[in-house]
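One structure is given below, encoded as structure tokens.
It should be emphasised that the depicted structure is a prediction, and the values quoted were computed from it without experimental measurement. Ligands are counted one by one from 1 in listed order, and the atoms in each one are counted from 1 as well.
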Amino acid sequence: SAKAAGSNQWAFFKQQMTERAAVRLRTEASLHDALKNNEFVLHYQPKLDINTGKVVACEALIRWQKDGRLISPMSFIPVAEETGIIIPIGRWVIEQACKTIKEWQKKYNFALPIAVNVASQQFEDPSLVPDIKQLSLRYQIRPELLEIEITETSLMNDIEKAIVKLEQLKSAGFGIAVDDFGTGYSSLSYLRHLPITTMKIDRCFVTDLPQESAIASTILMLGKQLKLNIVAEGIENQEQLDWLKANDCQMGQGFFFSKPLSQHDFEEKYIKPHTATISQI
Ligand code: C2E
Ligand code: MG
Ligand code: MG
Ligand code: MG
């Protein structure tokens, strides 16, 4: 009967829900353990000044070291966001970035800005701003050395609240970048009011340069009008770089320059050589 079929479906649905909830719980528990057992690491990818070719900043990107393998953030950040554990993970990321900034200054006398990615839910957490301020004070780092990357989509969830929060961060001196720009639904009229310092052109608009350049040039024009720094993400070849240079894009990031590197490798390649040139002067 229809009733029996319905109740069968319900039982099946319930079983599926229970399994999904169980998987979520297991993943949440293992992310919790990962945090406790120090299994997360930050890799760093340089951001270059396109005109001079100099490394002017970097982005911290999280990885999970699990059983000798490195797990990509794409496979655990969404679960972390779903379960809320992104809040302590995100806080760990910010603290680790502050430590690294301090370390590079102490060990190499070199101040390089680090950008950290902040998830939607983390951005909405009321303790985000006080946490960031407290950490930068504890590690005695200048706020302009810490940059927050937030996706366009996160900002548009509650634009009025976002503006208030960004205002607090910006007035405290932290850098603010809109990540993956062009992939969300920004209201262009609001963009003017967003207290941001940087726009990152999403990789998907860089990939097809120079053949398909309509969106990239529009974002570059917009950035110029709004007096924002523009970073092009995902530069993989000379042709893309040439186009970006010819079109006044100031900064770039991508495998063409470097993949994200472990802290050790990043230091060897980008921090130590800098120390050497300073001491030769
Ligand atoms: P994202 O913030 O947009 O970071 C850029 C991603 O593009 C990184 O992937 C980077 O390795 C990759 N990438 C850079 N240059 C190139 C290139 O030339 N070609 C290609 N194909 N890819 C390039 P990754 O490290 O796997 O991170 C993926 C995403 O995971 C990030 O995108 C960000 O949304 C998220 N994520 C990473 N670390 C964190 C974190 O600490 N917290 C949060 N909430 N999210 C993070
Ligand atoms: Mg980013
Ligand atoms: Mg991005
Ligand atoms: Mg992204």
Side-chain angles (χ1 to χ4, degrees), residues 31 34-35 39-48 50 55 57-65 69-100 113-125 128 131-132 135 146-155 175-184 186 196-209 216 219 229-241 244 249 251-263 265-266:
L31 285 170
L35 202 52
E39 290 171 5
F40 293 116
V41 284
L42 292 185
H43 279 201
Y44 297 90
Q45 187 180 36
K47 296 185 188 180
L48 283 86
I50 284 182
V55 173
C58 66
E59 176 174 5
L61 295 153
I62 197 169
R63 275 96 182 87
W64 181 4
Q65 267 177 321
R69 290 189 309 129
L70 270 190
I71 301 182
S72 147
M74 314 272 250
S75 60
F76 65 89
I77 290 290
V79 187
E81 293 199 59
E82 232 183 281
T83 58
I85 199 172
I86 190 66
I87 307 272
I89 293 177
R91 195 179 186 282
W92 177 88
V93 170
I94 296 167
E95 176 157 18
Q96 204 57 35
C98 289
K99 272 188 194 169
T100 304
I114 298 183
V116 294
N117 292 283
V118 168
S120 258
Q121 203 188 351
Q122 190 188 356
F123 182 64
E124 282 159 22
D125 181 30
L128 178 78
D131 272 0
I132 291 178
L135 287 168
L146 189 67
E147 185 175 50
I148 311 299
E149 291 193 5
I150 309 168
T151 63
E152 195 187 352
T153 317
S154 311
L155 293 180
I176 300 157
V178 180
D179 206 350
D180 303 347
F181 190 81
T183 61
S186 271
I196 55 177
T197 51
T198 304
M199 260 172 17
K200 298 186 77 176
I201 307 179
D202 192 75
R203 175 159 58 91
C204 69
F205 306 117
V206 173
T207 303
D208 297 326
L209 294 176
I219 296 175
N229 299 315
I230 305 281
V231 180
E233 297 192 87
I235 302 173
E236 292 185 348
N237 60 51
Q238 187 71 54
E239 291 68 41
Q240 294 164 346
L241 179 60
L244 289 161
C249 180
M251 282 166 72
Q253 200 181 340
F255 294 172
F256 186 62
F257 304 120
S258 170
K259 293 203 166 180
L261 300 172
S262 70
Q263 187 177 337
D265 291 351
F266 189 88

Original post:
What N, O or S atom of E149 is found closest to the Mg ion (ligand 2)?
Top reply: OE1
Original post:
With side chains defined as the heavy atoms from C-beta onward, is the minimum distance between V116 and I148 less than 4.5 Å?
Top reply: yes
**OP:** Provide the number and element of each atom of ligand 1 under 4.0 Å from a heavy atom of E236.
**Re:** 17 (C), 18 (O), 19 (N), 20 (C), 21 (N)
Original post:
Quick one: which ligand 1 atoms are inside 4.0 Å of a heavy atom on G234?
Top reply: 15 (N), 16 (C), 17 (C), 18 (O)
Original post:
N/O/S of D180 less than 2.8 Å from the Mg ion (ligand 2)?
Top reply: no
**OP:** Would you mind running through ligand 1 and noting each atom that sits below 4.0 Å from a heavy atom of V93?
**Re:** 41 (O)
**OP:** Closest by any non-hydrogen atom to atom 2 (O) of ligand 1: pick that one out of V116, I150, I89, N117.
**Re:** N117
Original post:
Do the non-hydrogen side-chain atoms of L155 and F123 ever get within less than 4.5 Å of each other?
Top reply: yes
Original post:
E152 and D202: side-chain contact (heavy atoms from CB on, under 4.5 Å), yes or no, with the steps?
Top reply: CA-CA 10 Å; E152 195 187 352; D202 192 75; over 6 Å; no
Original post:
Is the Mg ion (ligand 2) under 2.8 Å from any N, O or S atom of T151?
Top reply: no
**OP:** Using a 4.5 Å cut-off on heavy atoms from C-beta on, say whether the side chain of D180 contacts that of K200.
**Re:** no
Subject >> Any side-chain donor near an acceptor of the partner, S75 and S72, under 3.5 Å >> reply: no
**OP:** Can you measure from CG (L42) to CD (E59) and round to the nearest 0.5 angstrom?
**Re:** 10.5 Å
Original post:
Can you tell if the side chain of F181 reaches within under 4.5 Å of the side chain of I230, non-hydrogen atoms only?
Top reply: no
**OP:** Look at the rings of F76 and W64 and say which category their plane angle falls in: under 30° parallel, 30 to 60° tilted, over 60° perpendicular.
**Re:** perpendicular
Original post:
Rounded to the nearest 0.5 Å, how far does OG of S154 lie from CD of E81?
Top reply: 7.5 Å
Subject >> Element-labelled atoms of ligand 1 that are located less than 4.0 Å from some non-hydrogen atom of P260 >> reply: 11 (O)
Original post:
When rounded to the nearest 0.5 angstrom, what is the spacing between CD in E95 and OG1 in T100?
Top reply: 10.5 Å
Original post:
In degrees, rounded to 10 degrees, what angle do E233 atom OE2 and D179 atom OD1 make at the Mg ion (ligand 3)?
Top reply: 90°
Subject >> Region of H43 that comes within reach of ligand 1 [heavy atoms, distance under 4.0 Å] >> reply: neither
**OP:** May I ask you to check whether E59 brings an N, O or S atom to under 2.8 Å from the Mg ion (ligand 2)?
**Re:** yes
Original post:
Should the proximity of K259 to ligand 1, defined as any heavy atom under 4.0 Å, be assigned to the side chain, the backbone, both, or neither?
Top reply: neither
Original post:
Which is closest to atom 15 (N) of ligand 1 in terms of heavy atoms, R63, E233, Q45?
Top reply: Q45
Original post:
Looking only at distance, does V118 have an N or O less than 3.5 Å from an N or O of ligand 1?
Top reply: no
Subject >> Side-chain heavy atoms of L209 within contact of E239, under 4.5 Å >> reply: no
Original post:
Which option out of F255, F76, F40, W92 puts a heavy atom nearest to atom 16 (C) of ligand 1?
Top reply: F255
Original post:
Considering only heavy atoms from C-beta outward, does the side chain of T198 approach that of M251 to under 4.5 Å?
Top reply: no
Original post:
Can you list the ligand 1 atoms lying under 4.0 Å from a non-hydrogen atom of D180?
Top reply: 3 (O)
Original post:
Is the shortest distance from a heavy atom of E59 to ligand 1 less than 4.0 Å?
Top reply: yes
Original post:
Which atoms from ligand 1 have a heavy atom of R203 less than 4.0 Å away?
Top reply: 19 (N), 20 (C), 21 (N), 22 (N)
**OP:** Could you tell me whether Q253 and ligand 1 have an N or O pair separated by under 3.5 Å?
**Re:** no
Original post:
Considering only heavy atoms from C-beta outward, does the side chain of C98 approach that of L146 to under 4.5 Å?
Top reply: yes
**OP:** Heavy-atom contacts with D179 under 4.0 Å: which atoms of ligand 1 show up? List them by number with element.
**Re:** 1 (P), 2 (O), 3 (O)
**OP:** Return a yes/no value for Q122: is any of its N or O atoms, backbone included, closer than 3.5 angstrom to an N or O of ligand 1?
**Re:** no
